[in-house]
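Sequence positions, counted from 1, serve as the residue numbers for this chain.
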Amino acid sequence: MTIRVIIVDDQAMVRAGFAALLSAQSDIDVVGEAADGRAGVAVARSAHPDVVLMDVRMPEMDGLAAAREILSAPGAEHRPKVLMLTTFDVDDYVYEALRAGASGFLLKDAPPADLISAVRVVAAGEALLAPSVTRRLIADFAAARPAPRRDRTLRLNGLTPRETEVLELIARGLSNQEIAEHLVLAEQTVKTHIGRVLAKLSLRDRAQAVIFAYESGLVTPGAA
């Protein structure tokens with residue numbers, strides 16, 4: 001199955017470079033480009049991509065606003081995955097973009113192989129966060145120490161003890177294999193638990209699961 005991708009970035013050379021790299025892959029097809037967020041929303045609605053590579057900072061409409069429009073369009077039959085592209089790992093956009101439904105962040109200076117892998121990962125429904133971005137996100141929570149949101153805390157009651165345990169381990173950054181080893185379970189069983197957690201909490205992917213775990217108070221930044 002071919003992954004349909006659009007590239008939204010205000011730098012023409014970046015768009016051209018990414019397009020050439022991705023188009024060279026047999027399973028990826030670049031179906032559109034845009035030079036600003038507003039145009040990116042229009043292209044996303046017309047081209048029906050599976051993945052949108054979205055620059056964070058652009059004229060007309062920034063990447064965060066564009067991602068919100070794409071991911072919250074009412075009645076949309078097809079919602080793409082949005083992978084945010086950033087030059088710096090300290091963007092204030094990280095937390096809000098993940099809350100808006102972005103599937104992850106990728107630094108623009110990442111190796112070409114990482115970009116190709118990232119497109120495949122988010123197209124498959126997984127979340128992708130550069131380690132430095134994950135550290136930044138957790139540091140922000142630690143600094144702010146936001147009070148747990150009651151609506152989030154109440155929704156945790158719908159999870160089984162095992163599902164709650166799996167959610168906590170996801171939020172701590174463990175992979176499926178690491179969770180399986182930690183809980184002495186088969187990796188497929190872990191995947192089943194994760195699917196149930198996402199469904200019960202109405203979460204799109206692991207990135208939103210991490211946000212939920214912190215906002216609900218299930219995980220406290222800095223706790224062992």
Side-chain angles (χ1 to χ4, degrees), residues 1-9 18-19 21-32 40 43-45 47-55 63 66-67 70-73 76-86 94 97-108 110-134 137 163 166-167 169-183 185-213:
M1 181 177 173
T2 302
I3 303 169
R4 296 168 58 83
V5 176
I6 68 170
I7 302 167
V8 186
D9 194 294
F18 284 1
L21 177 65
L22 295 174
S23 295
Q25 311 307 309
S26 60
D27 61 336
I28 299 175
D29 186 14
V30 177
V31 297
V43 173
R45 288 174 177 169
H48 304 295
D50 300 304
V51 176
V52 177
L53 294 180
M54 180 76 74
D55 188 21
I70 291 171
L71 294 170
S72 64
E77 295 182 3
H78 174 79
R79 282 191 175 85
K81 307 294 183 182
V82 176
L83 180 62
M84 307 299 292
L85 301 169
T86 181
V94 173
L98 294 178
R99 287 197 66 194
S103 292
F105 269 74
L106 185 70
L107 301 182
K108 283 186 176 180
D114 286 3
L115 173 64
I116 297 168
S117 174
V119 168
R120 291 170 177 156
V121 166
V122 299
E126 295 289 332
L128 183 139
L129 294 173
S132 54
V133 172
T134 303
L137 180 64
E163 289 164 353
V166 168
L167 175 59
L169 294 175
I170 290 173
R172 297 199 183 284
L174 273 67
S175 67
N176 288 359
Q177 182 178 348
E178 290 168 336
I179 294 173
E181 292 172 355
H182 183 84
L183 298 178
L185 298 172
E187 191 169 345
Q188 185 56 50
T189 302
V190 171
K191 290 180 180 179
T192 299
H193 283 310
I194 292 173
R196 288 173 179 165
V197 168
L198 297 180
K200 286 183 178 182
L201 299 178
S202 300
L203 304 174
R204 185 174 288 108
D205 54 30
R206 294 172 80 106
Q208 289 198 324
V210 172
I211 293 292
F212 185 96

Chemist: Please examine the side chains of L53 and L22, heavy atoms only from C-beta on, and report whether any two atoms are closer than 4.5 Å.
Modeler: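 Counting from C-beta outward, L22 and L53 do come under 4.5 Å.
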Chemist: Can you measure from CG (L83) to CG (L115) and round to the nearest 0.5 angstrom?
Modeler: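 It is 7.5 Å, given to the nearest 0.5 Å.
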Chemist: Would you check if I7 and V30 make a side-chain contact, meaning some heavy-atom pair closer than 4.5 Å?
Modeler: yes
Chemist: Could you tell me if the side chain of I3 sits less than 4.5 Å from the side chain of V51, heavy atoms only?
Modeler: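 SC-SC contact between V51 and I3 confirmed.
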Chemist: The criterion is salt bridge (charged side-chain N to carboxylate O under 4.0 Å, His left out); which residues satisfy it with R120, sequence neighbours excluded?
Modeler: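 Expected list: D27.
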Chemist: Find the distance between CG (D50) and CD1 (I28) and round it off to the nearest 0.5 Å.
Modeler: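 Answer for the CG-CD1 pair, D50 versus I28, is 10.5 Å.
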Chemist: So do L85 and F18 actually touch side chain to side chain, heavy atoms under 4.5 Å?
Modeler: yes
Chemist: Can you tell me how far the CG atom of N176 sits from the OG1 atom of T189, to the nearest 0.5 Å?
Modeler: 11.0 Å
Chemist: Does the side chain of I6 reach to within under 4.5 Å of the side chain of V31, using non-hydrogen atoms?
Modeler: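 Side chain of I6 against side chain of V31, heavy atoms only: contact under 4.5 Å found.
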Chemist: When rounded to the nearest 0.5 angstrom, what distance separates OG1 in T86 from CG in L106?
Modeler: 10.0 Å
Chemist: Evaluate the side-chain contact (heavy atoms from CB on, under 4.5 Å) criterion for residues V8 and V43: first the C-alpha distance (whole Å), next the side-chain angles of each, then the deciding distance (0.1 Å), finally the verdict.
Modeler: CA-CA 9 Å; V8 186; V43 173; over 6 Å; no
Chemist: Answer whether the closest heavy-atom distance between the side chains of H193 and L183 falls below 4.5 Å.
Modeler: no
Chemist: Output the distance between atom NZ (K108) and atom CG (D9), rounded to the nearest 0.5 Å.
Modeler: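 Here the rounded value is 3.5 Å.
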Chemist: Nearest heavy-atom pair of A171 and V210: which atoms, and what distance?
Modeler: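 Between these two residues, the closest heavy atoms are CA-CG2, 4.0 Å.
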Chemist: Report yes or no: does S117 contribute a side-chain atom to a donor-acceptor pair with the main-chain N or O of A113 at less than 3.5 Å?
Modeler: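 Judged by distance alone, no pair lies under 3.5 Å.
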Chemist: What are the two closest heavy atoms between V82 and M84, and how far apart are they?
Modeler: CG1-SD, 3.6 Å
Chemist: With rounding to the nearest 0.5 Å, note down the distance linking CE in M54 to CD1 in I70.
Modeler: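 If we round to the nearest 0.5 Å, M54:CE and I70:CD1 are 3.5 Å apart.
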